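One structure below.
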Amino acid sequence: MSLFYYTFIPIVIAFIAYFLNKKIKLSLAILNSVVFAYLFYQISRLYNQWNIPHETISYYMFDREIQLIFQLTPLSWLFIFMTTGAGLLIAIFTIKSQQEYVLRSSFHLNFAILIGSILGVVLAGDFLTLFIFWEIMTWSSFFLISSGEKKAAQKASYRYIILSTIGAYLMVTALFIIYNQIHTFGYNQVAAHLSGLPITESIILIIMLAIPFIIKAGVFPFHVWVNGAHSNAPKEFSPFLSGLMLKVGIYGVILLLYFVPLYNILKESVNYRGLPIFNYILAIFGCITVITGTILAIRQEDVKRLVAFSSISQMGYIIMALAISTPLGFTGGLLHLMNHMIFKTTIFLSIAAVIYRTKTTKMSEMGGLIFKMPVTFTAYLIAIIALAGIPPTNGFISKWVIYQALIDKGYIFLSVAAFFGSIGSFMYVFKPLSTIFLGQLKPEHENIKEVPFLMQLPMFVLMALILLFGILPGLQMNLINQISQLLNIQPVGFTLYSITGAFGKWNSLVIFSLFVGGFLLAFIIFISAKKSKQVGLMDTYTSGEYMDDPEAYHYAYQYFRPFDRVFDSFAARSLTVIYDTFAQNIVKLGNLFRKSIVTGNGQTYAFYMVLFIVILAFAGWII
Amino acid sequence: MILNIFGFLLMAFSAMALGLLFIGIARKVVARVQKRIGPPFYQAYLDVFKLFTKNSITHGFIFDFGAIMAFGGMITTLFFVPVGPFVLYGMNGTLLLVIYLMAVAYLGMAMATVGSGNPLASVGISRALTQMLGYELPFIVVLLTLIYSSNTSSIIGIVQTQQSGFMNWNLINIPIGTAIAFVTLLGLMGKKPFDAPIAPSEIASGPVVEHGGKYLAFIMLQHAVSVVVKTALFVDLFLGGGNNIFIFIVKMLIVWLLVTLIGSIFPRFKVEEGVLFYWRWPLIAALLQAVIIIF
Amino acid sequence: MVNLILIIALPLLAAFLIPLFNYINKKLPSIVVFLTTAINLLIIILNYNQIILEPVIIELGNWQAPFAINIYVGTLELISITVISIISLIIAFYNLNHSNFSSESKFHTLYSIIIAGIYGIVMTGDIFNLFVFIEITTVAAYGLTTFNKDKGYEAAIKYIIIGSISSVFLLMAIGFTYSAVGSLNMAVIAAASNLINPGLVRIISLLFFVGIAFEAGILPLSIWVPDVHSIAPSAVSSTLSGLVFLAGITALIKIFFNLFADPSLYVFLMIIGAISLIIGELIAYQQDDIKRMLAYSSIAQMSLVLTIISVGTKYAISGGLFQLFNHAILKTLLFLTAGLMIKYAGSRNISDFGGIAKKIPLIAVGFSVGSLGILGVPFFNGFVSKIMIVNGSLNAGEYILTFLVLFATVIEMAYYLKVIQTIFFGKISINPHKIVKSYVPIIVLITVVFLLGIYPELITKPLNQATGELLSRSDYISNVLGGM
Amino acid sequence: MIDFLEKWSFFGGSVLLILIGLYGVITRKNLIKIFIGLSLMDTGINVLLVSLGYVEGGIAPIITSTINNNSYNFVDPIPQALVLTSIVIGVAVLALGLGVIIKIYEKYNTLDISEIRGLRW
């Protein structure tokens, strides 16, 4: 199948299905699952066929034909594989979970378009194709976010689209400045041209090219859209938004940092410890992202917001690792990218399952769901263990590689930020665990059941992946080394279950077996002791008081209040406020114009004409 | 293989024994500081045996699972820390691993305690996690400096760089770092100025409020192993480790006694005061030291 | 080849016959208008291949070029009249079902006249004739504005006052031109423009600007636009916004590129256009009345076209022209669907349209296609023109202009998305006021939007040719005047 | 001097008429007065157009049996034709405008333009 069709099959089928939906009662979710499964199968067969020829479509635009190029590289394979995989899992999840959702059909239409456009973005072989699909991706995700059930979804999507568009326009400006000089958009030609330009000029162009990607990745000065969009998007879309969409931004960053080898272009310029200053600044932004995301995540009371901020902070890790441009950094970044996709999708899916049953996202309105929804709890538990970077899950391996890369170069502040994020992640992942799943069960949740099997299935698959990649990271390393070869990066040594770092070697098999040993020992001791008696959750120590209200006996609201107090002033001065004030000032300016110019008096309008003519005459006089 | 399993068991049980001994000694020392007679040094053993024989209640499977996870995680951590000449697995890059492995135990304990449904336990966990963010940062900075200066992230490797004599100990090489690490060790162990998480007078021992019988025994064993792990880690990193197990244990005991003595005379920090304390002087000093050593 | 003068004459003829037809059958006038517009489209299609090869000049009364009024149809005019004929046909079709005004035949008379006037403005090769056609168009538009019995008169009176003032200046410009050149023929003026005193050329051009820009949506002069567009019936709003503006800008382009090619004036146009663009967008953002919002958006779009075209390079002009034609198509779509939504909801306020998409999905989709087209989403026609505009302005090194244009688009996005979000995702608050149905025009327009978005060469190839013709004045002169 | 005055008196006079009309339009509040101003402007521009085509000492450009070749000093006929058209258009607009004014008076009970501000912002 031609590469071109991968992008268009989902889009076309989605449109057809959307319009047939009314006539023939078909479930778009099932249809989407089938389509994605087919694509997934086809894409998995593409593995290792890197020498598929490029495909081009010519597009007559200015006064010449413009080629839209599609190409397959190991890097793009990774992304299309992840995209269709996540899309498939989420489509399966939605079959059951969206029974009562009003905007189902538009959700599935936009979702399929989104998948198609992401495939287009990563399969693109030149910047114009990338830009076209990038825009489609932005728009379809905009519609997806605004179809959230909460009222705030619209404001959040608004912020998202405005920010994305500003980025896209910067990119298109830079692209056409380049195009006017070399008359092509091809990656290689643009890269060659950029390296030939004077250094300031090429830095400005690169920054303009990079900003849309950085915005999409949710990195520090532009992270303001992420929390709103994630928390207000439909619950089934948040996993994809966090798992995949943010990563597409990272794809762009990889493209600029490695494919257009920024390192080579800027090598001669100012640098810090052998790292071009641009890369270092990017890494610093990543570092700030980690810290900001962590602190703000700890403060949240809404579970989706909390996980959204956690996504921001994890993106910071990836950016930081990629920006330092060492083989280890690159490997760690890509590993973390894959792993973050897996565990963050799991977290969001398990939260979607909880929301599906409880219809709320406020953590303090839930509690004690562990006995009612054990599968969901297990999925959440395993995913947060991975997120917090605790062995033997995949999350630790990627963080370990990133630490190795950071320490190797002696970037002390970056490493401290990375650790801060890691320890902070204990705090914020434990908060939902404790307040949603543990603690006292709310009386109104007495009759809750576990979610249907079709919703459990994706969670099972993802849990298995977390453990699988935790034990056998070599599966991922194989692909990453192929990507490294493509981008001329020195590959990192690995076997199926070990990775060689800068200061040591990681061997997951040994660690896993020791883990099993430790747990087995504990288990044996536990079993051999006297059997205990099961009592209810209300049957606890209460300093002699008699408690009958589980609501009052559940510690959930403002879980980390002492910590929050430390950062209250920090959180009040948020970037969102600054951006919003800026936007409001523009609106105020418009209102001023409107009130003062459009008075509704015909005579005033006539006066404007006279004034205009007088001004024109004066201006004409002057030149 | 058989030998490995044997070593595995031996190490686990001897660490438990050693840890309980340390705890007993500490109780005695604290009593002496407070002008009491105090319990005998073997009291901790008695307590554990007694608790195992008692009837106990559970609050659901997470309560059981958390206890197993806490203890199992700590035992797993132990295998990576060289105690004298004994180390079950000394692969490269273990230092970072150990830090994270300890978190498994914390997570297990936190799950078990919050799973009990008692809000006091949740408060305790919330405090513990907050405080963790406080002391881990300077500790990590010191560790990073150590990794960078000894050019290895393996604990054994770091021990080996200090082998040739007292003057090569990191205590001498990076004295500020050692001091900071010692201060963070107080937090790591939950000792007095930083014992807000378990504050018995405020939140009824916090996390362990619901634990009784074999669960409390598990917590005690976990605590015993963690004492061994943490002191051994400190000795390995800063006090030159040791091939002789007795000298090593003496070093551990010294560290432990210092911690205990400090713990017995200081009042308690409020939790955010504790965090801010760590982020003020220890963190700044650690960063300064790191900058000096790396550049 | 069919004589192209027919496409002006037919609607005029129809206009005067409509009252007669009205006696026969009340339904007949709308069918007559529909038929005339259809025949016009047919004529243009028949002539298309020939005109694209070389410009067609029709001399009225068989007098030679300088002496009589002539009609000049080059590639630019060809594309314009093609677009005009398609859109007028669609609007006429729409009127078949939706023109339930008390005085139906009068409406159709005026509508025919306005169509004839628009064709005339685009095709004429004589400046006084241009004036006459502009007046025909505006007078008909004055009349159409008053069809709204509520506030139509108020809008009309403002429109008339401003229109009369600017027509005075247009006549003044024509008079000065005539006194300087001694002819009213555009080609002759173009040939002689190098010989006139440059100061006078500048004055004349600016007077022309004042006279025509009032019909082209440039801000201080087109301040009547929101009133009139929001008050007039939807079919009229879309005609005024889509077609009259198109004709006005085409006339301005002819004046500034064919007649007096004085590059020093372009910077004026650019500044005026840019200011008008930003102010238009900023005010449009404030509107809650959907048609007023669209009207301000039209102003902004026209200013965008003007400012881009006044960059004066090949790429910029073709981008601007493409945007102009796109705007005609999209605004028609937007005004028609907005009108239907207003009818359905019984209110003009955007905030009352919550969740309307669930009740009238096609119309809502039509509106969003129009908006997304204007915002330049890929595979909509607006994308290609936006890209061309960016390319054109960057190619000429106008970085600030590019910034302003893109900034304006961001504001534009803000207010269009507000509407789209309300109609698709807002809370359902509609009790249907009136059931509306209109499938064919909306589907046709959506098809056109996507056709141009996916196969832009349908229009970009002729546009390049048109730009080439615009930039080579000598060809134009020799085409009209023969070997003179 | 006289020549100069004679040539420019048409010109200046007509421009003055236009300016007076314009002044009326932007200062008078009454709609009827505004339309009088517009009429004045129309008249002014018509005079201007005619004066532009005036040739000194020329005669009406009518070819009769006695005047049948180009050697006569004709006044330029085209501006006069233009003015005729323009007058027609002006009258049409004026009529339409007055009609609208009548309707406005019926609706708003006032002719003060500053009070007819239903459409604004």
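Since we're looking at a predicted model, the values are computed, not measured. Per chain, numbering begins at 1; letters A, B, ... match sequence-line order.
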Report the C-alpha distance between C/Thr239 and C/Ile114 in whole Å, list the side-chain angles of each, state the deciding distance to 0.1 Å, and finish with yes or no for side-chain contact (heavy atoms from CB on, under 4.5 Å).
CA-CA 9 Å; C/Thr239 314; C/Ile114 214 171; 4.1 Å; yes
Verdict with reasoning, C/Ile162 to C/Leu221, per side-chain contact (heavy atoms from CB on, under 4.5 Å):
CA-CA 8 Å; C/Ile162 295 169; C/Leu221 305 170; 5.7 Å; no
One pair to check against side-chain contact (heavy atoms from CB on, under 4.5 Å): C/Val225 and C/Leu240. What are the steps and the verdict?
CA-CA 9 Å; C/Val225 167; C/Leu240 287 179; over 6 Å; no
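With a 4.5 angstrom heavy-atom cutoff, D/Leu49 touches chain C only via side-chain atoms. Heavy-atom distances place both the backbone and the side chain of D/Leu82 under 4.5 Å from chain C. Both the backbone and the side chain of C/Ile161 come within contact range of chain D, judged by heavy atoms closer than 4.5 Å.
Between C/Tyr111 and C/Phe107, the ring planes lie parallel to each other; the angle is under 30°, not in the 30° to 60° tilted range. The aromatic rings of C/Phe208 and C/Phe260 lie tilted to each other, with the angle between the two planes from 30° to 60°.
Considering only residues two or more places apart in sequence or on other chains, C/Phe133 meets the ring-ring contact (aromatic ring centres under 6.0 Å, His included) condition with none of them. Here D/Leu40 pairs with D/Leu17, D/Ile20 under the side-chain contact (heavy atoms from CB on, under 4.5 Å) rule; sequence neighbours left out.
Residues C/Ser347 and C/Ile342 have side chains not in contact (no heavy-atom distance under 4.5 Å, counting atoms from C-beta outward). Side chains of C/Leu207 and C/Ile174 form no contact here, defined as non-hydrogen atoms less than 4.5 Å apart. In this structure, the side chains of D/Leu48 and D/Ile45 come closer than 4.5 Å at one or more pairs of heavy atoms.
For the set C/Ile231, C/Ile157, C/Val139, C/Ile136, the entry with the most heavy-atom pairs within less than 4.5 Å of chain D is C/Ile157.
Inspection of non-hydrogen atoms places D/Leu96, D/Gly97, D/Val100, D/Ile101 of residues 94-102 of chain D under 4.5 Å from chain C.
C/Ile204 contributes atom CD1, which lies 8.5 Å from atom CD1 of C/Ile189 (distance to the nearest 0.5 angstrom).
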Under 3.5 Å, which donor-acceptor pairs link chain C and chain D? Put them in a table for me, please.
residue, atom, partner, partner atom, Å
C/Asp150, O, D/Lys107, NZ, 3.2
C/Glu154, OE1, D/Tyr108, OH, 2.8
C/Glu154, OE1, D/Gly118, N, 3.1
C/Glu154, OE2, D/Gly118, N, 2.8
C/Glu154, OE2, D/Leu119, N, 3.0
C/Lys158, NZ, D/Leu119, O, 3.1
C/Tyr178, OH, D/Asp76, OD1, 2.9
C/Tyr178, OH, D/Asp76, OD2, 2.3
C/Gln287, NE2, D/Trp121, O, 3.2
C/Arg292, NE, D/Trp121, O, 3.1

